[in-house]
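All ligand and atom numbering here is 1-based and tracks the order in the structure. For reference, positions follow the sequence shown, starting with 1.
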Amino acid sequence: MRAIDITAPGGPEVLEWREVPDPRPEQGEVVIEVTAAGVNRADVHQRRGFYDPPPGAPPYPGLEVSGVVAEVGDGVEGFRPGDEVCALLAGGGYAERVAVPWQQLMPVPDGVSPVRAAALPEVACTVWSNVFMLARLRRGETLLVHGGASGIGTFAVQLAKALGSRVVTTVGSAEKARRLTELGADEVVNYREEDFADRLSADVILDIIGAKYLAQNIRALNTGGRMVTIGLQGGAKAELDLGALLTKRASIHGTTLRARPVDEKGAIVRSVVDNVWPLVSAGALRPVVYAEVPMAEAAEAHRMLDSGEHIGKILLVR
Ligand SMILES: NC(=O)c1ccc[n+]([C@@H]2O[C@H](COP(=O)([O-])OP(=O)(O)OC[C@H]3O[C@@H](n4cnc5c(N)ncnc54)[C@H](OP(=O)(O)O)[C@@H]3O)[C@@H](O)[C@H]2O)c1
């Protein structure tokens with residue numbers, strides 16, 4: 001098969017579409033013939049040499065795909081060759097074929113095209129597991145989503161609105177602010193123009209910035225607030241005022257999805273299919289797709305992501 005290989009750590013130009021060995025289904029795995037793959041910020045970190053795949057994962061980038069089940073290994077439950085699926089991966093999505101544990105497969109929600117289904121697994125599993133399973137956002141509470149225009153952000157805003165929360169978000173341009181309002185955000189702050197903590201407060205914060213926003217995030221948390229940090233775009237180390245945290249009876253969590261064991265990913269995937277897919281099928285939320293780029297031109301997709309102008313997801317299509 002062909003896959004996007006990272007020939008050396010570096011810029012988008014190190015991504016090369018070339019012949020590589022075919023994957024074989026191990027015990028409990030299926031091989032998917034890939035229709036499309038989602039591009040994630042993590043793929044850029046991997047390309048630059050800062051985020052190696054976990055042990056046993058394919059070396060090629062790509063944390064999610066849509067496609068058709070081509071082969072089924074021993075011990076697989078509930079999936080057969082020919083099934084249309086999308087899947088959460090530990091790596092290897094930028095390829096014609098990828099092997100994945102059956103627990104990480106999901107059906108394509110009704111009303112979503114086979115290509116656009118590739119925009120869903122990583123954002124749905126990340127947002128559902130952090131905002132709802134871990135931080136337990138409740139109807140009527142306020143969620144603050146940093147980077148509302150990101151792949152993660154566009155999904156988080158829609159999901160929390162669909163489940164009855166108030167949603168506030170930060171973005172870096174007027175155009176992004178306009179789109180986020182269209183997607184349902186109740187309040188949008190352009191972080192380049194004002195300090196979000198002067199205006200916004202929240203019961204749950206989904207944070208992708210880390211150190212740079214720590215003090216402001218704690219200031220913005222309501223009493224009993226929960227913050228989950230899933231990205232460190234603004235650094236990993238900062239001073240924490242524990243006094244402020246305990247006065248507010250607040251908590252801070254940090255998580256990653258990629259390195260979790262298969263049974264934990266499987267539990268998240270099942271919960272997403274049960275709780276999120278019906279909302280997607282009903283049209284209450286939709287994948288926001290900024291661009292579809294031929295998979296062989298993954299370097300172009302990474303240039304787009306690096307520019308930061310995108311709103312929503314960039315997909316690689318076969
Ligand atoms: N831990 C996990 O399991 C997990 C899983 C998935 C994703 N993530 C993380 O989630 C984040 C989003 O991922 P993605 O793939 O959706 O990325 P993405 O589409 O590339 O989005 C990154 C976003 O960050 C925004 N941003 C940059 N500086 C900002 C600031 N100071 N304040 C607010 N927003 C800012 C950018 O928008 P502006 O132009 O508006 O600045 C951009 O929309 C990444 O940090 C990624 O590593 C973590």
Side-chain angles (χ1 to χ4, degrees), residues 37-48 50-51 54 61-64 88-91 93 118-131 133-135 144-159 168-180 183 185 188-197 200 205-217 220 227-236 253-260 264-265 268 272 287-291 301-316:
V39 176
N40 288 281
R41 176 82 17 204
D43 308 340
V44 170
H45 299 319
Q46 183 174 339
R47 185 199 78 209
R48 294 169 66 206
F50 301 137
Y51 195 34
L63 298 177
E64 57 188 343
L88 186 67
L89 309 174
L120 289 171
E122 179 72 13
V123 293
C125 291
T126 300
V127 173
W128 179 254
S129 62
N130 287 297
V131 175
M133 295 171 75
L134 177 63
L144 167 56
V145 178
H146 285 304
S150 63
I152 292 285
T154 50
F155 196 83
V157 167
Q158 294 183 84
L159 181 59
V168 298
T169 189
T170 55
V171 297
S173 75
E175 169 60 11
K176 289 183 175 183
R178 193 185 60 74
R179 283 296 303 281
L180 266 295
L183 282 176
V188 185
V189 165
N190 183 338
Y191 66 82
R192 294 183 207 277
E193 292 176 351
E194 61 180 309
D195 178 347
F196 69 87
L200 304 179
I205 300 179
L206 183 62
D207 173 48
I208 61 170
I209 302 300
K212 191 172 146 202
Y213 278 179
L214 181 63
Q216 286 154 282
N217 276 333
M227 174 168 100
V228 190
T229 292
I230 62 164
L232 300 171
Q233 292 178 200
H253 306 258
T255 72
T256 68
L257 184 57
R258 187 184 198 178
R260 290 187 191 222
E264 281 185 34
K265 285 184 184 163
I268 291 169
V272 163
V288 175
V289 176
Y290 179 74
H302 273 224
R303 278 185 201 101
M304 263 180 210
L305 199 82
D306 283 351
S307 82
E309 279 164 18
H310 63 290
I311 296 175
K313 299 283 295 189
I314 297 168
L315 298 181
L316 301 176

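- The residues lining ligand 1, counting any heavy atom closer than 4.0 Å, are Asn40, Arg41, Glu122, Thr126, Gly147, Ala149, Ser150, Gly151, Ile152, Thr170, Val171, Gly172, Lys176, Tyr191, Arg192, Ile208, Ile209, Lys212, Tyr213, Ile230, Gly231, Gln233, Thr255, Thr256, Leu257, Leu305, Gly308, His310.
- Taking Ser150 as the reference, nothing meets the side chain to side chain donor-acceptor pair (under 3.5 Å) condition, with sequence neighbours excluded.
- Looking at Lys313 and Asn40, their side chains do bring a donor and an acceptor atom within 3.5 Å of each other.
- With sequence neighbours excluded, no residue forms a side chain to side chain donor-acceptor pair (under 3.5 Å) with Gln233.
- Looking at Asp306 and Arg47, a side-chain N of the basic residue comes within less than 4.0 Å of a carboxylate O on the acidic one, giving a salt bridge.
- Here His302 pairs with Tyr94 under the ring pair (Phe, Tyr, Trp, His ring centres under 6.0 Å) rule; sequence neighbours left out.
- Taking the six-membered ring for Trp, His146 and Tyr191 have ring centres at least 6.0 Å apart.
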